[in-house]
Amino acid sequence: MGLIGHPIKQTYSPFIHNVAFDLKKVDYLYLPFDVPAANLGNAVKGMVALGIKGFNVTIPHKVNIMQLMNNISDEAAGVGAVNTVVNDLGRLSGYNTDVYGILKTLDKHKSILAGKEMTVAGAGGSARAVIYTLIKYFKPAQINIINRTEQKAEALKKYFSDKMKFEAIKCYELLSSDLVDVFQRSELIVNATPIGMYPETDDAVISLEKAFNKEQIVFDLVYNPSKTRLLSIASKQGAKVINGTEMLVNQASKAFELWTGEIMPVPDIIRSLEMMIDT
Ligand code: NAP
């Protein structure tokens, strides 16, 4: 197994999968491969020629790889991106396991969240998977998209209006003066930007305490550090906070199952990963 992307910066996927292969005593290995955009087609042909059972896909290949697939899952088609490929004797199937990772992380709060107003910061690949999951499984009253580049938020709004007939999306620029109100009204706040990620750990999408309250769930996709500034501020105001580790391991567990047919020991892997990140 492996991961293709460019540039391949620090990634925890080899750690997650290789620890899980060891724990489950299955004879596989997971390696990162730095593949520039121009080499995507040849890299995929090479994976097939080498009989590699499956691989993950990250920036910048998540959209372009779709045209190389024989099958695409409903979720990958809905999000418009593939992050996991299964190679069945040369027949390639594309999945989006981020949707599973997000759903598994938020599902235990479904009774609180269903039908409520929600805010997502970011309009990139992971924001798209978050918004797809929220619309499909949580039927929000409204989704607010906050992004540095407002046109990208508007493009996502159009995407979900066209694809899922979901019209209740409002877009805001990251520095908008409306943000405190928008946050206060939201039952769920998701950070799907790298703001606050190591080494810029003093940054936060919003750092005003009054934006948060104890009715909220604040989910930061960032997993390094395990408690970002956003989560620290929100938890001081009584909000329930969730970091990105659970989603990261849950999305990996779905890929692991698709490749090996085995169930990843998710709690053990989350513990090992958090220990590794925080040391
Ligand atoms: P992406 O497609 O590159 O999108 C990045 C988004 O963040 C864009 O909306 C971008 O705004 C915004 N952004 C980037 N740098 C910014 C800055 N300095 N100030 C303000 N906005 C900024 O990336 P992605 O794949 O969605 O990933 C986003 C974050 O989620 C990353 O930190 C990644 O590590 C994390 N993530 C976590 C998981 C998990 O399993 N926990 C999974 C996927 C991603 P513009 O549109 O203005 O460029």
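Start at 1 and go down the list; that is how both ligands and their atoms are numbered. These numbers were taken from a predicted model, which means no experiment stands behind them. Scope of the values below: all heavy atoms of this structure, side chains included, with no hydrogens, waters or symmetry mates.
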query = Between atom CG of N144 and atom NZ of K157, what is the distance when rounded to the nearest 0.5 Å?
reply = 10.5 Å
Pairs of nitrogen or oxygen atoms, one from ligand 1 and one from the protein, closer than 3.5 Å: please tabulate them with distances.
residue  : atom   : partner : partner atom : Å
ligand 1 : 2 (O)  : G125    : N            : 2.9
ligand 1 : 9 (O)  : A123    : N            : 2.8
ligand 1 : 9 (O)  : N147    : OD1          : 2.7
ligand 1 : 11 (O) : N147    : OD1          : 3.3
ligand 1 : 26 (O) : G125    : N            : 3.4
ligand 1 : 26 (O) : S126    : N            : 2.8
ligand 1 : 26 (O) : S126    : OG           : 2.6
ligand 1 : 27 (O) : S126    : OG           : 3.4
ligand 1 : 40 (O) : L248    : N            : 3.3
ligand 1 : 41 (N) : L221    : O            : 2.9
ligand 1 : 41 (N) : G244    : O            : 2.9
ligand 1 : 46 (O) : N147    : ND2          : 2.8
ligand 1 : 46 (O) : K152    : NZ           : 3.3
ligand 1 : 47 (O) : R148    : NE           : 3.0
ligand 1 : 47 (O) : T149    : N            : 3.1
ligand 1 : 47 (O) : T149    : OG1          : 2.4
ligand 1 : 48 (O) : R148    : NH2          : 3.0
ligand 1 : 48 (O) : K152    : NZ           : 3.3

query = Apart from M69 itself, what residues make up its hydrophobic cluster, given side-chain heavy atom links below 4.5 Å?
reply = I4, L29, L31, F33, V35, L40, V44, M47, V48, L50, I52, F55, V57, I65, M66, L68, I72, V82, V85, L92
request  = Go through the structure and list residues passing side chain to side chain contact (heavy atoms under 4.5 Å, CB included) with E209, not counting sequence neighbours.
outcome  = I233, Q237
task = Could you tell me whether D74 and K136 have a side-chain N and a carboxylate O separated by less than 4.0 Å?
result = no
request  = May I ask you to say whether E215 pairs ionically with K116, meaning some side-chain N is under 4.0 Å from a carboxylate O?
outcome  = no
message = Taking side chain to side chain donor-acceptor pair (under 3.5 Å) as the definition, give me every residue that meets it alongside T149, ordered by chain and number, with sequence neighbours left out.
response = none
